[in-house]
Undergrad: 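Handing you this structure, nothing more for now.
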Amino acid sequence: MGAVEPVVDEENGEKETKIRDEEERDVEKGDMDSQQRGFQGQPPPPPPPAEIGGENFHMSRMQRLSATNPLRLVMNAGTRVASPSPYNAPAPSQHRQHRSFPNPFHHRHPPAPVPAPAPSQYRHSPVPEPVPAPSQHHPSPAPSQTRSTPAVTPQPSVITLNSRSYTNKFSLFLFLVHMIGAIGLVCFLVFKGIQGLLEAGEAQRKEKRLLKFFLPQVEAASLLSITLAFTWQKAMRMWPTFMVHFVLWGSFIFTLAAGILLICFQRPSTDGVGVVLVMFAIGNGLYSCWVTPRIKFCTKILIKSLEPVPKFGDLNHPTYLTLAAGFLWMSMWILAVIGAINFYFPPLVIIGLVLSMAWVTEVMRNVVNLTVSRVIGLYYLRGMQSSTQFCFQRALSVNLGSACLGSLFVPTIEVLRVVARALNLLEGEDEFMFCCAHCGLKIMDSIFKRGNGWAYVQIATYGKSFVKASQDTWELFEKREMETIVDSDMTSAICFLTGVCSGSICVIVIGAWTFTVYPNFTATLSLLSAYVGYLMTRIAMALPHACVSSYYVCYAENPDNRLFDKTIQERLNLMKTDRDVIVPTPRSVPSRFAR
């Protein structure tokens, strides 16, 4: 090493001899420890210089000791280094900061020899302490700091796909109470109907007339609507391009034909129903003309979203079960309506039964929606082929509360939002009225972000509550700048008009049949058959609607998924460059009313 041999007092001779023996043993131990710790890649130390009295040889061997050798730690002012825990191993950059010696892996070449200190230093420190480079020197922390537990960083909540907690429990409780009351009322009214049928008098004649000229037509309307529902769904899956055009213009033709037929019966009641149907048909035709530029994009999304359906052969089984349950409940409901004739306040009781049937069938539709959304959503997000039966059980148990809440509020919100938009499309000079319309549109848009039909995908997939899923889904759309696309989506309107087609066909068939056998029931049975046909068809059309919703929501969550094509992205690019025709949708206050 070229250093001057240190001078040792005679009185420390025996102590020096013991230290030398320990040094020789620790050198071997230190070499073995360094090999066990993975220091095989460390360059070999420089050869020792020529011995001068044997002291420099031991000094060079001391420098070859491992940095964690116990003898070297004792000689380096007795600094204690805690052994790292396998569970709390710090990062490499942090690990170097807690050490008081250079990292042996940092140098690619052997370290330069350090000159020995003055002879007087060997009286207190027999081994010279290596001096690290200034840039690598880090003060050694106190032992208490080394042993201290690092602060735990709060981790984000893990999203689970198999949440067992019930969503929207209050809505579920309210629906169960309603079902208990509805079942009790239906059973009581059926009993009253049987009682009136057995007792002689005016009530018996009325009951027999209803059973003969009322019940068969309603049951036939139910069976016809179920047949039409499966026909529309099958045709929508096989020929989506044709069916989109057929539903848009078929609903206009069938509704207009039903209205004209009822007017031709030349009865006051049928004339009123016929005029309403004709006005609806005119609005339907105007809507079909207005949304013509959207048809091509709607067809592309519908075709792409229906591609995973053949991979799940039992995906339609929940629809079969739900329609069967709906038919049975509809049959009991009709008997209850007949029995309400012999009860107090028949009009109010019948209105209550109609509203109850609307909520029950909407819940059935959303149960199918949740089932299909979970199966298709997990296929897009995780590449999983889920069990349809298990997803159906979750929809009937864990997520039933969200289906009940959404069934109660989403149709109402959608109707009010359409009315607000229609008012904002009008132009006039009454600024007060139109300012109120703009204010109402803003309110409905704010409510829509907290309660919309797009929420069912995240409800089914992640088990979120209805309001939380609505907010998160709309935030995803805003993040991807997709709110304009999803806001102008036609799938919901197509499913609605499919129900209108079935209802109009039921009106034509049942109205003509009733007019030939008992004309007094023509208007009543026409309205009831349209109502039944619409409800049954909407349950079956929940499958394509859920597929399209899952496609949009899962694309917004992960647009780089290989299962998605560039249809939505190309549409967004065209809209940003003003090269695509967009049907304007009122969203804000026009400049003529702005202040």
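Only a predicted model underlies this, so the values are computations on that prediction, with no experimental measurement involved. Only this structure's heavy atoms are used, side chains among them; waters, hydrogens and symmetry mates stay out.
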Undergrad: Would one find more than 12 heavy atoms of other residues, nucleotides or ligands at under 6.0 Å from atom CD of E307?
TA: yes
Undergrad: Evaluate the side-chain proximity of R421 to M444: yes if any heavy-atom separation is below 4.5 Å, no if none is.
TA: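 M444 vs R421: side chains apart.
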Undergrad: To the nearest 0.5 Å, what is the distance between CE on M490 and CZ on F496?
TA: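 That separation rounds to 13.5 Å.
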Undergrad: Which heavy atom in G463 sits nearest to a heavy atom in R394, and how many Å separate them?
TA: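 That closest heavy-atom pairing would be CA-NH2, 4.5 Å.
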Undergrad: Side chains of P544 and L306, heavy atoms from C-beta outward: is any pair under 4.5 Å?
TA: yes
Undergrad: Output side-chain donor-acceptor pairs under 3.5 Å for residues 234-244, partner residues at least two apart or in another chain, one line each.
TA:
unit_1	atom_1	unit_2	atom_2	d
R237	NH1	Q233	OE1	3.4

Undergrad: So, E557 and R480, do they make that salt bridge, N to O below 4.0 Å?
TA: no
Undergrad: Between F521 and Y518 (judged by ring centroids, cut-off 6.0 Å), do the two rings come close enough to count as a pair?
TA: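 Close enough - the centres of the two rings lie under 6.0 Å apart.
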Undergrad: Quick one: pull up OG in S356 and CD1 in I351 and give me the separation to the nearest 0.5 Å.
TA: 13.5 Å
Undergrad: Rounded to the nearest 0.5 Å, what's the gap from CG on L228 to SG on C501? Could you check?
TA: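 Between atom CG of L228 and atom SG of C501 there are 9.5 Å.
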Undergrad: Test your reading of the model: is there a side-chain donor-acceptor pair from S225 to the backbone of M536, 3.5 Å cut-off?
TA: no
Undergrad: Under a 3.5 Å cutoff, is there a donor and acceptor pairing between the side chains of S504 and T255?
TA: yes
Undergrad: Ring centroid separation for Y380 and F564, is it under 6.0 angstrom?
TA: yes
Undergrad: Would you name the heavy atoms of F312 and M384 that are closest together and state the gap between them?
TA: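 Smallest heavy-atom distance, with atoms named: CZ-O, 4.3 Å.
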Undergrad: Under a 3.5 Å distance rule, please check whether T537 uses its side chain to pair with a backbone N or O of Y534 as donor and acceptor.
TA: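 Not a single qualifying donor-acceptor pair exists.
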Undergrad: Under a 4.5 Å cut-off applied to non-hydrogen side-chain atoms, are L215 and L210 in contact?
TA: no
Undergrad: Is there a side-chain contact between T577 and N573, using heavy atoms and a 4.5 Å cut-off?
TA: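 No, side chains not in contact.
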Undergrad: Is the closest side-chain donor-acceptor distance between S331 and E219 under 3.5 Å?
TA: yes
Undergrad: Okay, side chain of S488, backbone of I485: is any donor-acceptor separation there less than 3.5 Å?
TA: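 Yes, S488 side chain to I485 backbone: donor-acceptor pair under 3.5 Å.
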Undergrad: Check whether the side chains of S502 and W232 place a donor and an acceptor atom closer than 3.5 Å, and report yes or no.
TA: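 Per modelled atom types, S502 and W232 side chains form a pair under 3.5 Å.
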Undergrad: Nearest 0.5 angstrom please: N168 CG to F466 CZ, how far?
TA: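 The distance works out to 8.0 Å.
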Undergrad: Please test L277 against I260 for side-chain contact (heavy atoms from CB on, under 4.5 Å), starting from the C-alpha separation and ending with a verdict.
TA: CA-CA 8 Å; L277 291 178; I260 294 175; over 6 Å; no
Undergrad: Below 4.5 Å, heavy atoms only, C-beta onward: do I263 and V275 meet side chain to side chain?
TA: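 Yes; the side chains approach each other to less than 4.5 Å.
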Undergrad: Got I301 and I568 here, is their nearest side-chain heavy-atom distance under 4.5 Å?
TA: yes
Undergrad: State whether the side chain of E481 and the backbone N or O of F477 hold a donor-acceptor pair below 3.5 Å, judged by distance alone.
TA: no
Undergrad: Could you walk me through whether Y320 and F230 satisfy the ring-ring contact (aromatic ring centres under 6.0 Å, His included) test, starting with their C-alpha distance in whole Å, then the side-chain angles of each, then the deciding distance to 0.1 Å, before giving a yes or no?
TA: CA-CA 9 Å; Y320 301 151; F230 284 119; 5.2 Å; yes
Undergrad: Using 30° and 60° as the class boundaries, would you call the ring planes of W359 and H178 parallel, tilted or perpendicular?
TA: tilted
Undergrad: Nearest 0.5 Å, please: how far is OH in Y552 from SG in C547?
TA: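 Reported to 0.5 Å precision, the distance equals 13.5 Å.
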Undergrad: Can I183 and W329 be said to form a side-chain contact (heavy atoms from CB on, under 4.5 Å), step by step?
TA: CA-CA 10 Å; I183 293 174; W329 179 248; 4.1 Å; yes
Undergrad: So do T361 and R538 actually touch side chain to side chain, heavy atoms under 4.5 Å?
TA: no
Undergrad: Regarding S465 and T167, do their side chains bring together a donor and an acceptor under 3.5 Å, going by distance alone?
TA: no
Undergrad: Taking the side chain as every heavy atom from C-beta outward, state whether F175 and L408 have any atom pair closer than 4.5 Å.
TA: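 Contact flag for F175/L408 side chains = no.
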Undergrad: Taking it one step at a time, do K479 and D472 satisfy salt bridge (charged side-chain N to carboxylate O under 4.0 Å, His left out)?
TA: CA-CA 10 Å; K479 178 182 178 182; D472 293 348; over 6 Å; no
Undergrad: Nearest heavy-atom pair of S397 and L172: which atoms, and what distance?
TA: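 That closest heavy-atom pairing would be O-CD2, 4.5 Å.
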Undergrad: Would you say H317 and T388 are linked by a side-chain donor-acceptor pair, where the criterion is simply a distance under 3.5 Å?
TA: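 There is no such pair (donor and acceptor under 3.5 Å, judged by atom type) between the side chains of T388 and H317.
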Undergrad: Evaluate the side-chain contact (heavy atoms from CB on, under 4.5 Å) criterion for residues L223 and F327: first the C-alpha distance (whole Å), next the side-chain angles of each, then the deciding distance (0.1 Å), finally the verdict.
TA: CA-CA 8 Å; L223 293 175; F327 177 76; 3.5 Å; yes
Undergrad: Closer than 4.0 angstrom, basic N to acidic O: yes or no for K449 and D445?
TA: no
Undergrad: Ignoring hydrogens and geometry, is there a side-chain-to-backbone donor-acceptor pair from S446 to K442 under 3.5 Å?
TA: no
Undergrad: Indicate the atoms forming the closest heavy-atom contact of W454 with V486, along with that distance.
TA: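 Scanning both residues, the minimum pair turns out to be CZ2-O, 3.4 Å.
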Undergrad: What residue pairs, at least two apart or across chains, pass salt bridge (Lys or Arg N to Asp or Glu O under 4.0 Å) with a residue in residues 364-374?
TA: E362-R365
Undergrad: For the pair N284 (side chain) and F280 (backbone), establish whether a donor and an acceptor sit closer than 3.5 Å, ignoring hydrogens and angles.
TA: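 Absent.
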Undergrad: Is the backbone N or O of L353 less than 3.5 Å from a side-chain atom of W333, with the two atoms forming a donor-acceptor pair by type?
TA: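 Looks like yes, one N/O pair under 3.5 Å.
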Undergrad: N561 and Y555: side-chain donor and acceptor closer than 3.5 Å?
TA: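 Short answer, no.
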Undergrad: Decide side-chain contact (heavy atoms from CB on, under 4.5 Å) for V363 and L400; before the verdict, give the C-alpha distance in whole Å, the side-chain angles of both, and the deciding distance to 0.1 Å.
TA: CA-CA 8 Å; V363 170; L400 185 58; 4.0 Å; yes
Undergrad: Which pair of non-hydrogen atoms, one from Q458 and one from L476, has the smallest distance, and what is that distance?
TA: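 Heavy-atom minimum between the residues: NE2-CD1, 3.3 Å.
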Undergrad: So, the side chain of N452 versus the backbone of F448: is there a donor-acceptor pair under 3.5 Å, distance only?
TA: yes
Undergrad: Report the residues that fulfil salt bridge (Lys or Arg N to Asp or Glu O under 4.0 Å) with D271, sequence neighbours left out, ordered by chain and then residue number.
TA: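 D271: no salt bridge (Lys or Arg N to Asp or Glu O under 4.0 Å) contacts found.
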Undergrad: Can you tell me how far CG of L416 sits from CZ of F409, rounded to the nearest 0.5 angstrom?
TA: 11.5 Å
Undergrad: Provide the closest heavy-atom pair for C506 versus G533 in the form atom of the first, atom of the second, distance.
TA: SG-CA, 4.1 Å
